[in-house]
Amino acid sequence: MDTGAWAWTGRFRARQAARGSVTEGAARAGLTARGVIYLLVGALALQVAFGDTNKQADRGGALEELAQKPFGAVLLWALGIGLVGMALWRLSEALFGSAGKDGRTARKRLLAAGRFACYVFVAYSVLSFAVSRGQGGGSSDRQSRDATARALEIPAGQWLVGAAGVGVVVGGIWIGVWAVLRKYHDDLQLGRMSRPTRRLVDVTGVVGGAARGLVFAAIGAFAVRAAVDYEPDRAKGLDDTLRTFADTPLGPSLLVCVAAGLLLFGLFSFAMARWQHV
């Protein structure tokens, strides 16, 4: 191989290493930002369970809570930038494949593309909140009802809303099963963990993932009900869905359990940020 070829190979490998470092940093920042949001939502849900009905237990409420802290504006921007990193990481997985033996399969790439779209929306909402200093956005409940009402007005809107709701239900079930079966082990550097640490991560991953899956499935079920009844008000955002758990025969104790699960998922996200294969 001549000198020019060696030089080209060296530059190629250097670009790969640089891209890998940037991607890893973006992924870990994004997972940390996700953990912060779930910790705040879980804490707000606990307050709702114990009678503080003025709190909004959703992303908007979490951002408002963060904005009231010292250096709140800086924290909001850091959170938004972290979520941009999460979106870019998922985009790189969609384009180039993810870590693992089946990371380049079409299924994994499509899943990464869906996650990219989701985190683009979340990052945009957080950065918009930071720019407007809390004047933009709105509750997840109102956003869900408004989006459902607009969707129902278009041709075949009832079927579209129903299909979307079924998709969210299936996604929630998949999230819960993925957690209970500990499929996340494939994404973690387990060899770098001590046995007690691995047990602790499993507690946060299994319980937190199951709670997250339950919440998603419930949101989807309310969307299906809104489609069947042709009533946008039947749709519920995260806050109303969490409050619904307190209205079951189990009472606020079920909401406490779900809120604790969301807190654990926040901690699990921090563990993913530390030990995730990227």
Side-chain angles (χ1 to χ4, degrees), residues 30-84 86 118-148 168 172 175 208 211-220 222-223 232-248 251-270:
L31 288 166
T32 301
R34 186 183 72 177
V36 170
I37 290 177
Y38 272 96
L39 280 178
L40 290 172
V41 171
L44 290 169
L46 278 178
Q47 294 179 53
V48 170
F50 289 115
D52 192 344
T53 57
N54 293 323
K55 297 292 184 179
Q56 194 76 20
D58 56 14
R59 185 172 60 251
L63 296 179
E64 290 178 3
E65 195 76 10
L66 197 61
Q68 295 171 9
K69 305 299 181 185
F71 306 104
V74 175
L75 294 174
L76 286 172
W77 278 102
L79 195 66
I81 292 170
L83 291 167
V84 169
M86 174 74 97
C118 174
Y119 281 107
V120 164
F121 172 77
V122 175
Y124 174 79
S125 68
V126 173
L127 291 174
S128 297
F129 188 95
V131 169
S132 64
R133 298 182 182 272
Q135 298 304 312
S139 74
S140 61
D141 305 316
R142 187 173 70 248
Q143 291 173 355
S144 295
R145 289 192 293 269
D146 291 346
T148 302
V168 175
I175 289 171
R212 182 177 179 236
L214 175 62
V215 171
F216 271 84
I219 291 174
F222 285 122
D233 288 346
R234 296 286 192 185
K236 295 182 184 293
L238 178 57
D239 178 69
D240 266 357
T241 299
L242 289 172
R243 292 175 190 273
T244 302
F245 291 126
D247 296 332
T248 65
S253 60
L254 179 57
L255 178 54
V256 169
C257 292
V258 174
L262 296 180
L263 285 169
L264 288 174
F265 187 79
L267 296 177
F268 176 69
S269 294
F270 294 152

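What you see is a predicted model; the values in this text were computed from it and never measured.
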Applying side chain to side chain contact (heavy atoms under 4.5 Å, CB included) to Leu242 and not counting sequence neighbours gives Val41, Ala45, Ala57, Val215, Leu238, Phe245, Leu255, Val258, Leu262
Going through the checks in order, is the side chain to side chain contact (heavy atoms under 4.5 Å, CB included) test met by Val126 and Arg59? CA-CA 9 Å; Val126 173; Arg59 185 172 60 251; 4.3 Å; yes
Calculate, to the nearest 0.5 Å, the distance between atoms CG and CZ belonging to Asp240 and Arg145 respectively. 6.0 Å
For Ala130 versus Leu76, what's the shortest heavy-atom pair and its separation? CB-CB, 4.0 Å
Locate the shortest heavy-atom distance separating Ala123 from Gly80; write the atom from each residue and the value. CB-O, 4.2 Å
Residues that Pro232 engages under side chain to side chain contact (heavy atoms under 4.5 Å, CB included), provided they are two or more places apart: Thr148, Ala149, Leu152
Side chain proximity check, Leu263 to Tyr38, heavy atoms < 4.5 angstrom: no
Over all atoms of both residues, closest heavy-atom pair of Gly172 and Phe216: CA-CB, 3.7 Å
Please round to the nearest 0.5 Å and tell me the distance separating atom CG of Asp58 and atom CZ of Arg243. 9.0 Å
Once rounded to the nearest 0.5 Å, what's the spacing between atom CE of Met86 and atom CZ of Arg34? 4.5 Å
Which pair of non-hydrogen atoms, one from Ala235 and one from Ser144, has the smallest distance, and what is that distance? CB-O, 4.2 Å
Gly42 to Ala259 - nearest heavy-atom pair and separation: O-CB, 3.6 Å
Closest heavy-atom pair, Val256 versus Ala49, reported as atoms and distance to 0.1 Å, is CG2-CB, 3.6 Å
Taking C-beta and beyond as the side chain, do Val36 and Leu75 meet within less than 4.5 Å on heavy atoms? no
Pairwise distance OG(Ser269) to CG(Leu39) - rounded to 0.5 angstrom: 8.0 Å
Going by heavy atoms in the side chains, are Val84 and Tyr119 under 4.5 Å from each other? no
Report the distance from atom CG of Leu83 to atom CZ of Phe121, rounding to the nearest 0.5 Å. 12.0 Å
Report yes if some heavy atom in the side chain of Lys236 is under 4.5 Å from a heavy atom in the side chain of Ile219; otherwise report no. no
Please round to the nearest 0.5 Å and tell me the distance separating atom OG1 of Thr32 and atom CZ of Phe270. 6.5 Å
Checking side chain to side chain contact (heavy atoms under 4.5 Å, CB included) for the pair Leu79/Leu63: CA distance, chi angles, key distance, verdict? CA-CA 9 Å; Leu79 195 66; Leu63 296 179; 3.7 Å; yes
